Amino acid sequence: MTADEPKKEAESTVDKKEKEEDPGPPPIPPLEAAARRLDRLLGGDAKTIHSYTNPAKVIRRWLGTASGAASDATMEKISSAAASLLNPEGACAEGGGLLTVDEKMMDIDDEKPKFLTAASEREVEVWLLTLKIRIYWKENNFSEAFKLSQKTIDIVSKHIDTATRNVTNASRPTTSSLFPLLARLYRYRSLVADSNPQMAMSLRGDMIKSHSLASLRRDVDSQATLLNLMMHDLLNVSQVEQAQKLLANSTFPDSASNNQFCRYLYHSGRIQSLRLEYTSAFSNLSQCLRKAPNNTGLGFRITAQRLLVVVQLLMGEIPDRHIFLVPSMRAELAPYMAITQAVRRGDLSVFAAAVSEHAARLQADATYTLISRLAHQVVKAGLRKLHVSYSRISLQDVADRLGLPSATSAEFVVAKAVRDGVLDATIYHEEGYVRSHDLVDVYATQEPATAFHRRIAYCLTTHNDAVRGMRYPPDAYKKQLESSRGNRKNRGDDKTDEEKAQELEDELEDEY
């Protein structure tokens, strides 16, 4: 045994040296690895056991997992991936030519590359083209990005038409797997077109036709994306009434993604706020912020929070202070905090100074029009403070406190506030002062008793409805009808409680 031990040690050292000298196969590039994974998911690999009935759902999840590889993509990596994945003589020859147009043919190993199967080659082709469009957009090469996006959309349309003609062939790929990628193409094209107003104007008719076609195809992704893009385009050119007509005459798909639904809620809230529908705007914007993801989309959440703060001020409410103190939003919401403090103070001069100081920023945020309406809320807040502090005050003092030009202007403002129910006071025109009425103790009136009665009535009604529902179980009349006809069977009467409970559980499982 002792003689064999040195031999074993020598053999182990030799094996270790061989392992260190052998580097193994080279690592697969991230883009190629993501494409191979999609090929396996869509059934391109012979070893794949699972078959998915909803390829669009698979594509959506795969796009989320491939975001890391997509963020590190460059033109060279995209060209290399296209050369090793797409067959230049197959159905993706046109897209492959666009992907390798800026590079010479990439050097491939002597052995023949293993191209993707027909199950995923179209999706990978479009995905790589979208990455190239995004790189052009980040480099501010908008003309090339726009041209490439138009060509890519034409390629996807050809693939969809080809798959539609072969819909009876079960072995051919379906069209639904291209819908999430087509929606992403529409979004990138709109981002590129925002840099040029003429370019954006030329896309309006095409977006309307594409939205109608997506509705006919039941393409939920493109339908939701195009609806948001059309509202975004109309709001950019201040066509609020046209955007309202589009919002009223269109239906957002129920099964759309959460991100598109958040964008839809934001655009709806913005349209409603511009049309003075502040309650509906507040509801939509609050829901938008609740549904928005917390780990990503910081810019979107900041934009929605700005608009929500302005809508709250227009409704006469003061936003909570902690909203402005969130570390990730503190710098962006600083101008709105200054405006909120001016509104809370009720001084028009302070409000005007805050608006003039941050006017450029407010115009860039597209909230300057809404904030210009806040002057009336500033006056209301100041009048409420004066109403609580003084039982009698002259109109000239009101003008001085609120920053109004004269006592006559103060009289008009106070008269409107009294008419709107903001103040409970009387104006003495000849004497030039305002007298506030005594504050009535609400607990000395019948209002608390009336509110308590409403709550008790609601509770009693709920209790009576519950008792009535227990007394008359659903479908009880069917048993009576069967017994009257003599068709009732005794199988239900002979069953134990355990058997009945098991049947109920089975029915619930079938329903869900």
Side-chain angles (χ1 to χ4, degrees), residues 191 194-197 200 231-244 266-278 281-282 284-285 288-289 298-385 399-406 409-410 412-413 416:
L191 287 175
D194 285 343
S195 61
N196 190 346
M231 288 195 292
H232 172 74
D233 179 57
L234 292 174
L235 288 173
N236 280 347
V237 293
S238 302
Q239 294 185 8
V240 181
E241 292 301 324
Q242 296 294 330
Q244 171 60 24
Y266 168 73
H267 292 311
S268 302
R270 187 176 171 192
I271 292 170
Q272 290 162 349
S273 63
L274 291 171
R275 299 186 74 252
L276 307 179
E277 300 173 4
Y278 300 130
F282 177 78
N284 287 332
L285 292 172
C288 168
L289 283 174
L298 177 61
F300 176 78
R301 286 187 282 117
I302 289 174
T303 304
Q305 188 65 66
R306 289 172 186 156
L307 186 58
L308 181 60
V309 167
V310 177
V311 170
Q312 280 187 273
L313 293 175
L314 289 169
M315 293 175 63
E317 301 177 0
I318 302 298
D320 295 334
R321 185 179 177 83
H322 69 85
I323 293 175
F324 304 98
L325 301 180
V326 177
S328 57
M329 299 185 182
R330 187 167 186 173
E332 298 293 332
L333 296 180
Y336 298 88
M337 185 176 182
I339 292 173
T340 302
Q341 291 173 346
V343 173
R344 187 173 181 272
R345 185 174 177 179
D347 193 340
L348 274 178
S349 59
V350 177
F351 172 75
V355 172
S356 61
E357 181 182 357
H358 305 288
R361 180 64 178 278
L362 299 177
Q363 291 175 356
D365 296 341
T367 55
Y368 186 80
T369 304
L370 294 174
I371 288 178
S372 62
R373 304 176 185 174
L374 285 174
H376 185 56
Q377 298 296 333
V378 176
V379 173
K380 280 186 177 181
L383 287 176
R384 289 193 189 98
K385 293 177 66 175
D400 295 339
R401 295 292 182 88
L402 300 182
L404 298 175
S406 63
S409 300
F412 291 150
V413 170
K416 189 177 186 305

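Remember, it's a predicted structure, so these values are computed and weren't measured experimentally. For this chain, numbers begin at 1 and follow the sequence in order.
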**Prompt:** Does atom OH of Y368 have more than 12 heavy-atom neighbours, drawn from other residues, nucleotides or ligands, at distances under 6.0 Å?
**Reply:** no
**Request:** Please round to the nearest 0.5 Å and tell me the distance separating atom OG1 of T303 and atom CG of L285.
**Result:** 11.0 Å
**Prompt:** How many angstroms lie between atom CG of L274 and atom CG of L235, to the nearest 0.5 angstrom?
**Reply:** 7.0 Å
**Prompt:** If you measure from CG on L333 to CD1 on I323, what distance do you get to the nearest 0.5 Å?
**Reply:** 8.5 Å
**Request:** Kindly give the heavy-atom pair with the smallest separation between A281 and G269, and that separation in Å.
**Result:** CB-O, 3.3 Å
**Asked** Roughly how far, to the nearest 0.5 Å, is the CD atom of Q242 from the CD1 atom of I271?
**Response** 11.0 Å
**Message:** For a quick test of reading the model, state the closest non-hydrogen atom pair linking A200 to D233 and the distance between them.
**Reply:** CB-OD1, 3.9 Å
**Asked** Step by step, would you call R321 with M337 a side chain to side chain contact (heavy atoms under 4.5 Å, CB included)?
**Response** CA-CA 8 Å; R321 185 179 177 83; M337 185 176 182; 3.2 Å; yes
**Prompt:** Taking all non-hydrogen atoms of both residues, which atom of A338 and which atom of H358 are closest, and how far apart?
**Reply:** CB-NE2, 4.2 Å
**Prompt:** Rounded to the nearest 0.5 Å, how far apart are CG of L313 and CD1 of I339?
**Reply:** 8.0 Å
**Complete:** Heavy-atom closest pair (V309 atom, P319 atom, distance to 0.1 Å) is CG1-CG, 3.9 Å
**Asked** Would you say the side chain of S273 lies within less than 4.5 Å of the side chain of V310, judging by non-hydrogen atoms?
**Response** no
**Prompt:** Considering only heavy atoms from C-beta outward, does the side chain of R301 approach that of M329 to under 4.5 Å?
**Reply:** yes
**Prompt:** When the ring planes of H267 and H232 are compared, do they come out parallel, tilted or perpendicular, using 30° and 60° as the limits?
**Reply:** tilted
**Spatial distance of atom CD (Q244) from atom CD (E277) [nearest 0.5 Å]** = 6.0 Å
**Prompt:** Considering residues at least two apart in sequence or located in another chain, which fulfil the salt bridge (charged side-chain N to carboxylate O under 4.0 Å, His left out) criterion with E332?
**Reply:** R306, R361
**Message:** Keeping Q239 on the side-chain end and L234 on the backbone end, is there a donor-acceptor pair under 3.5 Å?
**Reply:** no
**I371 and F351, any side-chain heavy atoms less than 4.5 Å apart** = yes
**Prompt:** What residue pairs, at least two apart or across chains, pass salt bridge (charged side-chain N to carboxylate O under 4.0 Å, His left out) with a residue in residues 367-376?
**Reply:** none
